There are 2 protein chains.
Amino acid sequence: MKYSRIPAAAITRLSRYTRALEELDSQNIKVISSEKLAEYCDVNSAQIRKDLAYFGEFGVRGVGYFIKELLFEIKRILGLHKEWNLAIIGMGNLGCALIAHSNFARQGYRFVAAFDVDPDKIGRILPTGIAISPLGDLKKICLEKEVDIAVIATPAGKAQEVVDRITEIPVRGILNFSPSQLHVPEGFIVHHIDFTVKLDRLAYRLSHLRTTNRSRASDNPPWISKHLL
Amino acid sequence: MKYSRIPAAAITRLSRYTRALEELDSQNIKVISSEKLAEYCDVNSAQIRKDLAYFGEFGVRGVGYFIKELLFEIKRILGLHKEWNLAIIGMGNLGCALIAHSNFARQGYRFVAAFDVDPDKIGRILPTGIAISPLGDLKKICLEKEVDIAVIATPAGKAQEVVDRITEIPVRGILNFSPSQLHVPEGFIVHHIDFTVKLDRLAYRLSHLRTTNRSRASDNPPWISKHLL
DNA sequence: ATATCCATGTGAATAACATCACAATAACTT
DNA sequence: AAGTTATTGTGATGTTATTCACATGGATAT
């Protein structure tokens, strides 16, 4: 089976399947059907099968998927068989929280460098053992530490400036936590994590909940009608 | 013009247009065409016009959009004419960083309550003036402070438990920073911000960059070929 | 061995979304 | 006041993604 293009959304889902499978694996469950996994991940079961079909055949008909095996395969597909070295730029509240956060390490992402412009911060050694370096050393240190992905946690106004520096070194992946549109040359891959975009979507849906749901208001639990309708 | 369903992606884009428009407004620019805005936001100009058309007619033919006016309209559409009260649950590294982060306030999102289970943390007053309350007081305080949205920044294992408590009070919006699939009754709206999903997508694209781009390797800037191809 | 089960893998159908292309129309020009 | 210009708003079209529905084939039981 040959597919020309793989939907970006399929990759996102593979990532979510990974989480579910790890959870199931930790419960010592050996096999799961696409139907059950779909229920757990809140997607269509055909969707799961198709997502996997983009990359091969990993199931056993009449049985399902062997969890450990599928987990291994998906991780291989995603490129998680290697460790990814991250550099973080901007050691404010968010930057510090990110570097201390355990979820990254769990999946094979490893912070190996940290940068800031604030002279008070430069030189400080973080609890994880890495030192905060001046932005001027970005190129040198990123090459030295073989950084794969740059995580931008600067204020919005500084982000593009940082990106311009990054595009001078062979760090092709950028994870942008600042709420700003970044412009990069072809060949670089930028992903945004924008808190307020998500909040805006929540705000929109919450604002429109009232009207869109009125038709089936009676389906709502009683406390919804009581307080909000 | 009547539309039956508005794509979720359109709402996300509206949010991004807001940022661009605010930026333009701060530069004292008065009017912008869909073409220019599209270039800035890196989307198709027809896309912008269609996104807006879902909600009305906001432009002037032959001229473009008046920035202040459009900004006002989009904010109204998104529900940002009111302030949204947030409660945060889980005051670890991430929770503390989020509450201190300035991007929320800028857009009319206001943290009004904070919760944790750790007795050492409970009672502490945060720099923003709000106290950390025990999770047991969730219902009481959320009603008192009229919380609209709960922000979950607990470890993955605790998230569902927290959500179960939230669904007992009329807080219908949940922003989940934990890397776990949450299950909520109908009527609740959950959005995920999952760092590792984004990193996984980066890892995938970076792993596959080599092969997918080889055909047009000569288009790459010289330093890509030099170091990486 | 053969039959029966059951969940996969996938072609076809459907649905959702994005883009094109142009008629409609407001402002500006002469 | 009529013509020109510029950009919107939108029907038509094209593209991409999701879901359906079932033939396929491995595993198990008889």
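Just so we're on the same page: letters track the sequence lines, and every chain starts at 1. This is a predicted model, so every value here is computed, not measured.
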Specify the separation, in whole Å, of atom [atom1] of [X] and atom [atom2] of [N].
X: B/L14; N: C/dA18; atom1: CG; atom2: P; answer: 12 Å
X: A/E57; N: C/dT10; atom1: CD; atom2: C1'; answer: 10 Å
X: B/D42; N: C/dA18; atom1: CG; atom2: C1'; answer: 14 Å
X: B/K36; N: D/dT8; atom1: NZ; atom2: C1'; answer: 15 Å
X: B/F66; N: D/dT7; atom1: CZ; atom2: P; answer: 13 Å
X: A/L52; N: C/dT8; atom1: CG; atom2: P; answer: 10 Å
X: B/E35; N: D/dG9; atom1: CD; atom2: P; answer: 14 Å
X: B/Y65; N: C/dA26; atom1: OH; atom2: P; answer: 14 Å

- Task: Go through the side-chain N and O atoms of B/T196 and A/R19 and say whether any donor and acceptor fall under 3.5 Å apart.
- Result: yes

- Could you tell me whether the side chains of B/N103 and B/Q107 share a donor-acceptor contact shorter than 3.5 Å? no

- First locate atom NZ of B/K198, then atom NE2 of A/H192, and finally report the distance between them rounded to the nearest 0.5 Å. 8.5 Å

- Task: Mind checking salt bridge (charged side-chain N to carboxylate O under 4.0 Å, His left out) for B/E35 and listing every partner two or more places apart, or none if nothing turns up?
- Result: none

- Message: Are A/I99 and A/F104 packed together at the side-chain level, in the sense that at least one heavy-atom pair is separated by less than 4.5 angstrom?
- Response: no

- Message: Can you build the contact string for nucleotides 16-25 of chain D? Use B for base contact, S for sugar-phosphate-only contact, and - for no protein heavy atom under 4.0 Å.
- Response: -SSBBB--BB

- Residues B/E69 and B/K30 bridged, charged N to O under 4.0 Å: no

- Task: Look at all strands and tell whether A/S45 reaches a base, only sugar-phosphate, or nothing, counting heavy atoms closer than 4.0 Å.
- Result: nothing

- Message: Quick check for you: among D/dT8, D/dG26, C/dA27, whose closest atom lies nearest to any side-chain atom of B/V63?
- Response: C/dA27

- Item | Summary of ring-ring contact (aromatic ring centres under 6.0 Å, His included) pairs that have at least one residue in residues 159-180 of chain A, sequence neighbours excluded | A/F177-B/F195

- Item | OP1 or OP2 of D/dT7 under 4.0 Å from side-chain N/O of B/S34 | no

